[in-house]
Amino acid sequence: MAYNLLKGKKGIIFGALDEKSIAWRTALRCHEEGAQLVLTNAPVALRMGEINKLAEAVNAPVIGADVTNMDDLKNLFEGAMKHFGGKIDFVLHSVGMSLNVRKNKPYTEIDYGFNQKTLDISAMSLHRVLRTAWDLDAISDWGSVVALTYIAAQRVFPDYNEMADAKALLEGVSRNFGYHYGVKKKVRINTISQSPTQTTAGSGVKGFDGFVSYAEKMSPLGNASADQCADYCVTLFSDLTKMVTMQNLFHDGGFSFTGVTQAVIDQMGK
Ligand code: NAI
């Protein structure tokens, strides 16, 4: 059901790779709620061509940008402002990649060159995006920026590997930039800590299926889906959450505050 929550708002969505992507689901929901969009992804992801289907569905241009490249980001924000004929009201940062996970390096044996790249793509890229918008004064007063994170930033999930550190850094950037952007322009910046979700990035984690079913059993409401995450993003981009900033918001069916569930106890007794 649509509520026109984003009528007249203009947003940039990073990270729609295919129809399972959280960014893809969010773009569809934002469009449904009346937003105008610009889509972006890394040039290598654009070559897959999938994003063109989404672009057509939500009537949005696609502007390629590698999140580690400041020239690309400047070009993206300038292009988006030109397209909209004004400033941007919301941004979804839905970007993550671990080179060490990809190369099957365990946490205790990571390659530090890969690690730097992982931290740049998955965490400092939020700083780069915000810095670009800050320098160009590209985000409207009371604008909203959301980045996606995972609870491995606070608690140990061994196979999440270096991405756990990347998410901790991402949440730190969101909080710290959130302070400065809040004071300067009332721009709010939050992270959503999402349940494990079957997507390309998610499935890269070793033993991911076990991970998903464990979280399902450990969450009173069950795991949150990508579509439900999209709904939550819409609320944060809307004017109904104007005073929420610098928060890490758990969107996980209650997983984060559950010690154990009866379903897990029953399983352990077997
Ligand atoms: P996805 O694989 O569909 O999205 C990741 C996106 O990052 C892709 O579109 C990819 O092209 C983009 N990307 C990678 N390197 C890039 C670069 N250099 N420049 C620009 N874009 C780049 O997977 P998903 O799950 O939708 O991931 C979105 C976000 O949600 C990520 O931050 C992920 O860590 C986070 N998240 C995912 C969970 C899951 O279980 N799937 C759980 C909690 C958070």
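Bear in mind the structure is a predicted one, so any value in this text is a computation, not a measurement. Start at 1 and go down the list; that is how both ligands and their atoms are numbered. For this chain, numbers begin at 1 and follow the sequence in order.
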Subject >> Between Gln262 and Asp266, a side-chain donor and acceptor under 3.5 Å >> reply: yes

Original post:
What part of Thr149, side chain from CB on, backbone N/CA/C/O, both or neither, has a heavy atom under 4.0 Å from ligand 1?
Top reply: backbone

Original post:
Looking only at protein heavy atoms, which one is nearest to atom 18 (N) of ligand 1, and how far off is it?
Top reply: Asp66 OD1, 3.1 Å

Original post:
Looking at atom 17 (C) of ligand 1, what's its closest protein heavy atom, distance included?
Top reply: Val67 CG2, 3.6 Å

**OP:** Starting from atom 26 (O) of ligand 1, locate the nearest protein heavy atom and write down its residue, its atom name and how far away it is, to 0.1 Å.
**Re:** Ile22 N, 2.9 Å

Original post:
Can you tell me which residue and heavy atom of the protein come closest to atom 4 (O) of ligand 1, and the distance to 0.1 Å?
Top reply: Gly15 O, 3.6 Å

Subject >> Check: Ser21 N/O within less than 3.5 Å of ligand 1 N/O >> reply: yes

Subject >> Under 4.0 Å to a heavy atom of Ala65 - the qualifying atoms of ligand 1, by number >> reply: 19 (N), 20 (C)

**OP:** Below 4.0 angstrom from a heavy atom of Leu148, which ligand 1 atoms are there? Numbered from 1 as shown, please.
**Re:** 29 (C), 30 (O), 32 (O), 35 (C)

**OP:** Run the salt-bridge test on Lys74 and Asp135 with the 4.0 Å N-O cut-off and return the result as yes or no.
**Re:** no

**OP:** Anything under 30° is parallel, anything over 60° is perpendicular, the rest tilted; go ahead and classify Phe14 against Phe77.
**Re:** tilted

**OP:** Identify the protein heavy atom lying closest to atom 27 (O) of ligand 1, giving its residue, its atom name and the separation to 0.1 Å.
**Re:** Ala201 CB, 4.0 Å

Original post:
Is it true that Lys186 and Asp141 have a side-chain N and a carboxylate O under 4.0 angstrom from each other?
Top reply: no

Original post:
Is the shortest distance from a heavy atom of Gln198 to ligand 1 less than 4.0 Å?
Top reply: no

**OP:** Classify the contact between Ser195 and ligand 1 as side chain, backbone, both or neither, using a heavy-atom distance cut-off of under 4.0 Å.
**Re:** backbone

Original post:
When only distance counts, is Phe208 in polar contact with ligand 1, meaning an N/O pair under 3.5 Å?
Top reply: no

Subject >> Contact summary for Ala224 and Thr197, nearest pair of heavy atoms >> reply: O-OG1, 4.1 Å

Original post:
At what distance is the nearest protein heavy atom to atom 28 (C) of ligand 1, and which residue and atom is it?
Top reply: Ser94 OG, 3.0 Å

**OP:** Check each atom of ligand 1 against the heavy atoms of Gly202 and keep those under 4.0 Å away; list them by number with element.
**Re:** 41 (N)

Original post:
Does one side chain, of Thr191 or Glu171, offer a donor that lies under 3.5 Å from an acceptor on the other?
Top reply: no

Original post:
Given Arg25, Lys167, Glu19, which has its nearest heavy atom closest to atom 34 (O) of ligand 1?
Top reply: Lys167

Subject >> Protein heavy-atom partner closest to atom 15 (N) of ligand 1 - residue, atom, separation in Å >> reply: Ile121 CG2, 3.5 Å

Subject >> Distance-only N or O hit between ligand 1 and Thr199, under 3.5 Å >> reply: yes

Subject >> Val234 to Arg29 - nearest heavy-atom pair and separation >> reply: CG2-CB, 3.9 Å

**OP:** Pull out every atom of ligand 1 sitting under 4.0 Å from any heavy atom of Thr200, numbered as shown with elements.
**Re:** 2 (O)

**OP:** Search all heavy atoms of Glu216 against all heavy atoms of Asn223 and return the closest pair with its distance.
**Re:** OE1-N, 3.1 Å

Subject >> For Pro196, atoms of ligand 1 separated by under 4.0 Å from a heavy atom >> reply: 40 (O)

**OP:** Check ligand 1 against Ala45 and write out every atom of the ligand that is under 4.0 Å from a heavy-atom position of the residue.
**Re:** 11 (O)

Original post:
Looking at Gly11 and Ile88, what are the two nearest heavy atoms and their distance?
Top reply: CA-CG2, 4.3 Å

Original post:
How many angstroms lie between CG in Leu170 and CE in Met163, if you round to the nearest 0.5 Å?
Top reply: 8.5 Å

Original post:
Taking atom types as modelled, is there a side-chain donor on Ser225 or Asp227 under 3.5 Å from an acceptor on the other?
Top reply: no

Original post:
What part of Thr197, side chain from CB on, backbone N/CA/C/O, both or neither, has a heavy atom under 4.0 Å from ligand 1?
Top reply: both

Original post:
Any N or O of Asn41 that comes nearer than 3.5 Å to an N or O of ligand 1?
Top reply: yes

Original post:
Considering only heavy atoms of Gln194, which atoms of ligand 1 have at least one such atom less than 4.0 Å away?
Top reply: 42 (C), 43 (C)

Original post:
Would you call the rings of Phe211 and Tyr160 parallel, tilted or perpendicular if under 30° counts as parallel and over 60° as perpendicular?
Top reply: parallel

Original post:
Is Met97 close to ligand 1, meaning an N/O of one under 3.5 Å from an N/O of the other?
Top reply: no

**OP:** Before signing off on this row, confirm whether Met163 and ligand 1 have an N or O atom pair separated by under 3.5 Å.
**Re:** no

Subject >> Donor-acceptor pair between Thr200 and Asp18 side chains, under 3.5 angstrom >> reply: yes

**OP:** Please could you name the atoms of ligand 1 that Leu17 approaches to less than 4.0 Å, counting only its heavy atoms?
**Re:** 2 (O), 3 (O), 8 (C), 9 (O), 11 (O)

Original post:
Under the 3.5 angstrom rule, does the side chain of Asn4 hit a backbone N or O of Lys7 as a donor-acceptor pair?
Top reply: no

Original post:
Which pair of non-hydrogen atoms, one from Met124 and one from Val173, has the smallest distance, and what is that distance?
Top reply: SD-CG2, 4.0 Å

**OP:** For Thr118 and Leu99, work out which heavy atoms get closest and say how close.
**Re:** OG1-N, 3.1 Å

**OP:** Could you find the nearest protein heavy atom to atom 13 (N) of ligand 1 and give me its residue, atom name and distance?
**Re:** Val95 CG1, 3.8 Å

Original post:
Thr68 to ligand 1: N or O pair under 3.5 Å?
Top reply: no

